[in-house]
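Lettering follows sequence order; numbering is per chain, from 1.
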2 protein chains.
Amino acid sequence: MASENRSVVTQLRKMISEGAYHQGERIGEVRVAEDLGVSRTPVRLAFRTLEQEGLLERTGKRGFVVREFSERDVQVAVEVRGVLEGLAARRLAEAGLTDPVREQLERYLAEGDRLFSKGYLEDADITDWSRLNGDFHRTIIEATGTRVIADAIRRNDHLPFASAESIIIDKRCLDGEYRKLFMAHQQHWLVFQALREGEGARAEMLMREHAYIGLRYGSLFGLTD
Amino acid sequence: MASENRSVVTQLRKMISEGAYHQGERIGEVRVAEDLGVSRTPVRLAFRTLEQEGLLERTGKRGFVVREFSERDVQVAVEVRGVLEGLAARRLAEAGLTDPVREQLERYLAEGDRLFSKGYLEDADITDWSRLNGDFHRTIIEATGTRVIADAIRRNDHLPFASAESIIIDKRCLDGEYRKLFMAHQQHWLVFQALREGEGARAEMLMREHAYIGLRYGSLFGLTD
DNA sequence: AACCAATTTTTTGGATCCAATAATTCCGGA
DNA sequence: TCCGGAATTATTGGATCCAAAAAATTGGTT
């Protein structure tokens, strides 16, 4: 009924990452169309998008199958993000921080300081931190002045981080989570210092290391959409 | 008439990179459909694919525009490829070369040695080298045992390298081209040695440097499709 | 002449129909 | 029982139709 194509993509992505269609399963247009209550057309469009994202792949035969991701794939996806964000950080450090960007980052860091000042995090704080974290990374990536890196990161995020995300949901409230997030925050400070001082190689290295926190913490960006 | 969707994507990609629709231009389904002599349906599908590839982008309003790429975008795209292939090389070096992979790479290198042994390259040699070069890189990337990196590279290749490609077409026969390709070949040797010796950091660094040759040489992979 | 509103035109999104083709089933013969 | 080919079925790709929404144009008012 009322379903714009974008929402079909989103729904389908969600259903796949939630396991409604399990990995390796062949997936047909008609069935999905019926499941979502739309005609085949938006599903066909969505399949193309999801194929490019890497969530679906064409079979040698006909139609698509849900792509299978291994633990190693997730590990590699985290490293991919690391090298890409590292590249962004290095370029930004070498180009130099403009005043608006520097001030923006400083605001985020100050907010983070405030969040962690209590020595513990409530649920609302974790939400705040999640947003703050995403803003910090986004700001750096966008400040590089090209969308090429941001696109590369975005295109790589979908499924592997969806599964990483589901891990963190369970572990969020466990002991030690505070320490982990606080460490991420401290790393942000280090990255910022390197950016401010124009230390490109160091900024890159710090950012690459920082990515590994995502392995347990979940998406550094948060899943968009 | 006889146009499978895949071919619409290919045609459209080609037309865009050749400037049939210039950058920043709004592009409508009907017009493209007429230009290609097909109905709107395959064009709509193709638009989604090209959108994900980054060749088209949605306007705030309606429809798509041909994405604009700057010189800097191409530069960054080359660096993106560098860090991704560097990651692949490091992982492979750390995991260790299996005998089949090592032998495969040695065959490519030996073929390269033969190509360059004359001290100059004919047109046919350049074709051979192009294939050889692609095979060498592909082998390394595929040997990492995950498709995540290969996908990230493939998704990033389309337009920026198309324009880089057009540069090399013109310069191929100029003086100094031989030296450049020979240097690329020598770099392959260095990368191979690092891989064989398990020197991950060195393999990564060499691969990252190696990517810069692509700036003038054109796509290291060759444009697929 | 400029600005705002209403109407017309254009364009996209979704549904459906038809054709082509891949996959499967079924049947007969060895 | 097993194999091969023909008929059947299922599924995808392309074209067309309709509705919705946005853009452009027209006209009226200040």
Side-chain angles (χ1 to χ4, degrees), chain A residues 1-16 19-68 154 158 224-225, chain B residues 1-16 19-68 154 158 224-225:
Chain A
M1 323 269 170
S3 294
E4 200 188 318
N5 173 261
R6 192 81 203 146
S7 120
V8 171
V9 173
T10 307
Q11 283 182 68
L12 197 46
R13 193 189 291 137
K14 188 155 172 273
M15 291 176 75
I16 290 174
Y21 307 102
H22 36 78
Q23 300 193 351
E25 180 183 353
R26 251 177 86 176
I27 192 173
E29 295 173 359
V30 184
R31 183 183 154 203
V32 174
E34 286 170 357
D35 288 352
L36 296 182
V38 295
S39 81
R40 276 177 53 217
T41 306
V43 175
R44 288 175 65 187
L45 294 169
F47 276 14
R48 269 37 176 218
T49 299
L50 270 348
E51 179 195 17
Q52 286 302 111
E53 284 182 6
L55 264 160
L56 298 179
E57 52 191 354
R58 287 172 191 271
T59 70
K61 318 183 168 229
R62 192 169 256 229
F64 294 87
V65 299
V66 179
R67 170 132 168 227
E68 299 178 85
R154 184 176 43 73
H158 292 283
T224 52
D225 270 1
Chain B
M1 327 272 169
S3 295
E4 201 188 317
N5 174 261
R6 192 82 203 146
S7 124
V8 171
V9 173
T10 307
Q11 283 181 69
L12 197 46
R13 192 189 293 136
K14 189 156 170 272
M15 291 176 75
I16 290 173
Y21 307 102
H22 35 77
Q23 300 193 352
E25 180 184 350
R26 250 177 85 176
I27 193 173
E29 295 173 359
V30 183
R31 183 182 154 205
V32 175
E34 286 169 357
D35 288 352
L36 296 182
V38 294
S39 80
R40 276 178 51 217
T41 306
V43 175
R44 288 176 65 187
L45 293 169
F47 276 14
R48 267 44 175 212
T49 299
L50 270 347
E51 179 195 16
Q52 285 302 111
E53 284 182 4
L55 265 160
L56 299 180
E57 51 189 355
R58 288 173 190 272
T59 70
K61 315 175 170 248
R62 190 169 258 230
F64 295 87
V65 299
V66 179
R67 171 134 169 225
E68 298 178 85
R154 183 176 42 73
H158 291 284
T224 52
D225 267 5

To the nearest angstrom, the CZ-P distance between B:R26 and D:dA22 comes to 12 Å

In whole angstroms, the gap separating C1' of C:dT12 from CZ of B:R58 amounts to 10 Å

Taken to the nearest whole Å, CZ/A:R40 to C1'/D:dG14 is 10 Å

B:R44 atom CZ is separated from C:dT11 atom P, nearest whole Å, by 15 Å

Heavy-atom closest pair (A:V43 atom, A:A33 atom, distance to 0.1 Å) is CG2-CA, 3.7 Å

Next item on the list: Could you walk me through whether B:T41 and A:R44 pass side-chain contact (heavy atoms from CB on, under 4.5 Å), step by step?
Entry: CA-CA 10 Å; B:T41 306; A:R44 288 175 65 187; 4.1 Å; yes

By nearest-nucleotide position on DNA chain C, the 5'-leaning member of A:R62 and A:S39 is A:S39

Checking A:V9 against B:R48 for the side-chain contact (heavy atoms from CB on, under 4.5 Å) test, could you report, in this order, the C-alpha distance in whole Å, the side-chain angles of both residues, the deciding distance, and whether it holds? CA-CA 11 Å; A:V9 173; B:R48 267 44 175 212; over 6 Å; no

Between CD of A:Q11 and P of C:dG14 the distance, given in whole Å, is 11 Å

Between B:T59 and A:F64, the residue closer to the 5' end of DNA chain D by nearest nucleotide is A:F64

Whole-Å distance, A:R48 CZ to C:dG13 P, equals 15 Å

note: A:E34, atom CD; D:dA10, atom P; distance rounded to Å ~ 13 Å

Quick note, B:V38 side chain, CB onward, closest among C:dT12, D:dT12, D:dA15 is D:dA15

Exactly one of B:V65, B:V66, B:L56 clears side chain to side chain contact (heavy atoms under 4.5 Å, CB included) with B:Y21, and that residue is B:V66

Of B:T41 and B:I27, the one whose closest nucleotide on DNA chain C sits nearer the 5' end is B:I27

